[in-house]
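Remarks on the structure that follows.
Position 1 is the first residue of the sequence, and the numbers go up from there. Bear in mind that the values here come from a model prediction, so they are computed numbers and not experimental data.
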Amino acid sequence: MAITAAMVKELREMTSAGMADCKKALTNTDGDMDKAVEWLKENGLAKADKKAGRIAAEGIVCVKVSDDGKRASIVEVNSETDFVAKNDKFQTFVAAVAAQALDSSASDMNAFMAESWIEDGSVTVEENLKSMIATIGENMNIRRFEKLEEPNGVIVPYIHAGGKIGVLVKAEAGAASDAVTEILKNVAMQVAAMSPKYLSTNDVSDDYKKEQLELLKAQAKNDPKNASKPDEIIEKMVTGRLNKELKEVCLLEQTYVKAEKKENVGQYVEKAAKDAGTDIKLTGFIRFETGEGLEKKEEDFAAEVAAQIG
């Protein structure tokens with residue numbers, strides 16, 4: 001069967017594969033469009049495997065909140081370059097991953113990757129990811145996902161810098177309203193900016209507090225300036241220092257960054273809720289930052305250009 005330019009164009013629009021690959025696929029399948037798509041997928045998976053060893057530390061964070069605002073998911077999907085992270089096809093894929101996570105029953109990444117893909121039940125999440133790698137031409141990785149639920153309130157999302165940071169904040173609330181959403185969005189912006197580790201000091205384990213106290217105490221005793229100070233004074237010093245450090249990593253005790261006068265986040269929420277005529281109790285949050293903890297690819301453009309010239 002003669003392979004026409006129109007057939008190649010149609011297959012390219014269906015798969016986003018290269019023109020030469022589309023022509024080859026049609027030639028190998030005698031012009032059968034469905035078989036050509038399968039041929040590209042099969043050969044695309046082989047290409048994706050070759051890309052799997054390349055560093056993917058860019059990408060975006062995406063969130064998905066249920067229509068009733070009581071369930072939400074947050075995912076991080078990585079790419080090799082920021083250029084691909086800004087690509088519409090990549091972003092559409094990540095949004096679909098977030099939707100998949102929202103209704104997923106998986107408890108870990110292996111189970112998640114083995115689930116049927118939300119948009120095509122004939123393939124798994126992992127198989128669809130590999131197909132996307134072949135289409136886009138970069139290594140990609142669904143790195144992590146988490147879910148939140150708040151049956152007695154609402155969950156509010158916040159995305160910063162086009163997906164570099166994603167936040168979910170949940171709270172028990174008298175009733176969902178624009179005022180409640182605005183208050184929680186302000187809190188989510190605080191989480192994005194200040195990166196707290198805990199909701200409140202009550203969530204910090206006694207073991208962690210004890211460990212930090214011992215560490216601070218050892219540091220204080222090794223400081224020559226404290227050589228003449230009695231143990232009880234050093235004890236008070238390090239306790240005060242620990243309390244100060246905990247305020248910096250506990251959301252409710254953090255200084256609220258948007259406050260006109262000094263107040264912590266807990267005080268802001270209490271005052272703002274009262275002004276809105278409702279009750280709000282923060283019950284949790286999640287913060288993802290793209291690429292945190294991952295090895296970044298070091299670019300040496302001078303060496304790259306030199307290699308190309310050579």
W117 ring center within less than 6.0 Å of F112 ring center = no
Are the side chains of D82 and K164 in touch, meaning some heavy atoms are under 4.5 Å apart?
-> yes
Is any side-chain heavy atom of Q212 less than 4.5 Å from a side-chain heavy atom of E245?
-> yes
Heavy-atom donor-acceptor pair, K70 side chain to G153 backbone, under 3.5 Å = yes
Please answer whether the main-chain N or O of A179 pairs with a side-chain N or O of E182 as donor and acceptor at a distance below 3.5 Å.
-> no
D108/R144 ion pair, N-O < 4.0 Å | no
Counting distance only, does the side-chain N/O of R287 pair as donor-acceptor with the main-chain N or O of V191 below 3.5 Å?
-> yes
OG1 on T27 to CE on M7, rounded to 0.5 Å = 8.5 Å
Side-chain (T290) to main-chain (G163) donor-acceptor, under 3.5 angstrom = yes
Do the non-hydrogen side-chain atoms of V77 and F93 ever get within less than 4.5 Å of each other?
-> yes
Would you sort out whether L168 and F288 count as a side-chain contact (heavy atoms from CB on, under 4.5 Å), showing the intermediate values?
-> CA-CA 9 Å; L168 294 173; F288 278 7; over 6 Å; no
Take T278 and S177 through the test side-chain contact (heavy atoms from CB on, under 4.5 Å) and record every step on the way to the result.
-> CA-CA 10 Å; T278 188; S177 66; 5.6 Å; no
Under 6.0 Å from the NZ atom of K281, do we count more than 12 heavy atoms belonging to anything else shown?
-> no
Using a strict 4.0 Å threshold on nitrogen-to-oxygen distance, state whether D103 and R71 make a salt bridge.
-> yes
Gap between atom SG of C62 and atom CZ of F145 - 0.5 Å precision = 14.5 Å
Report yes if some heavy atom in the side chain of V61 is under 4.5 Å from a heavy atom in the side chain of I165; otherwise report no.
-> no
Do you know which two heavy atoms are closest between Y268 and N186, and how far apart they sit?
-> OH-ND2, 2.9 Å
Are L184 and L282 side-chain neighbours, meaning at least one heavy-atom pair lies under 4.5 Å?
-> yes
Derivation of the salt bridge (Lys or Arg N to Asp or Glu O under 4.0 Å) call for D206 and K210 = CA-CA 6 Å; D206 290 337; K210 183 178 179 181; over 6 Å; no
Output the distance between atom NZ (K130) and atom OG1 (T135), rounded to the nearest 0.5 Å.
-> 14.0 Å
Sorted by chain and number, sequence neighbours left out, side-chain contact (heavy atoms from CB on, under 4.5 Å) with V257 holds for Q190, M194
K217 (side chain) donor-acceptor with E235 (main chain) under 3.5 angstrom = no
Heavy-atom pair of closest approach, residues G166 and I74 | O-CD1, 3.4 Å
Can you tell me if D68 and S66 form a side-chain donor-acceptor pair at under 3.5 Å?
-> yes
Is a salt bridge present between D275 and K271, judged by a nitrogen-to-oxygen distance below 4.0 Å?
-> yes
Within 6.0 angstrom of K147 NZ, more than 12 heavy atoms from elsewhere | yes
Paired with R143, the salt bridge (charged side-chain N to carboxylate O under 4.0 Å, His left out) test is passed by just one of E292, E289, E76, E58, namely E76
Between T81 and E138, is any side-chain donor less than 3.5 angstrom from a side-chain acceptor?
-> yes
For S122 and E127, work out which heavy atoms get closest and say how close.
-> O-OE1, 4.4 Å
Do the non-hydrogen side-chain atoms of V187 and L251 ever get within less than 4.5 Å of each other?
-> yes
S79 vs F90 side-chain heavy atoms within contact, under 4.5 Å | yes
Flag yes if V249 and M189 sit in one hydrophobic cluster, no otherwise; membership is Ile, Leu, Val, Met, Phe, Trp, Tyr, and two members link when side-chain heavy atoms are under 4.5 Å apart.
-> no
Would a distance-only check, ignoring hydrogens and angles, find a side-chain to backbone donor-acceptor pair under 3.5 Å from N28 to A25?
-> no
Test side-chain contact (heavy atoms from CB on, under 4.5 Å) on L294 and N78 and set out the steps.
-> CA-CA 10 Å; L294 290 178; N78 301 121; 3.7 Å; yes
Do you know which two heavy atoms are closest between C250 and V204, and how far apart they sit?
-> SG-CG2, 3.8 Å
If you draw a 6.0 Å radius around NZ in K209, do more than 12 non-hydrogen atoms from other residues or ligands fall strictly inside?
-> yes
Co-membership, hydrophobic cluster, residues I286 and V75, 4.5 Å side-chain = no
E172 atom CD: more than 12 heavy-atom contacts under 6.0 Å | yes
Ignoring hydrogens and geometry, is there a side-chain-to-backbone donor-acceptor pair from D223 to N226 under 3.5 Å?
-> no
Nearest heavy-atom pair of A85 and Q91: which atoms, and what distance?
-> O-NE2, 3.1 Å
Answer yes or no: are there more than 12 heavy-atom neighbours, outside K24 itself, under 6.0 Å from its atom NZ?
-> no
Taking everything shown except K23 itself, do over 12 heavy atoms lie less than 6.0 Å from its NZ?
-> no
Answer with yes or no whether the hydrophobic clustering places V84 together with I133; edges join I, L, V, M, F, W, Y residues whose side-chain heavy atoms lie under 4.5 Å apart.
-> yes
Which atoms form the tightest heavy-atom contact between K262 and T255, and what is the distance?
-> CE-OG1, 4.3 Å
Going only through I, L, V, M, F, W and Y residues with side-chain contacts under 4.5 Å, is there a path from V123 to I142?
-> yes
Between I280 and V180, is a side-chain contact (heavy atoms from CB on, under 4.5 Å) present by the stated rule, with each step listed?
-> CA-CA 8 Å; I280 298 176; V180 170; 4.1 Å; yes
To the nearest 0.5 Å, atom CZ of F285 lies from atom OH of Y158 at 15.5 Å
In this structure, OG1 of T124 is separated from CG of N128 (nearest 0.5 Å) by 8.0 Å
For the residue pair E115 and Q100, confirm or rule out a side-chain donor-acceptor distance under 3.5 Å.
-> yes
Could you grab the distance from atom CD of E150 to atom CD1 of I155, nearest 0.5 Å is fine?
-> 7.0 Å
Can V65 be reached from L102 by stepping across I, L, V, M, F, W or Y side chains whose heavy atoms are under 4.5 Å apart?
-> no
Within a strict 4.5 Å, meaning less than it, do heavy atoms of the M140 and L129 side chains meet?
-> yes
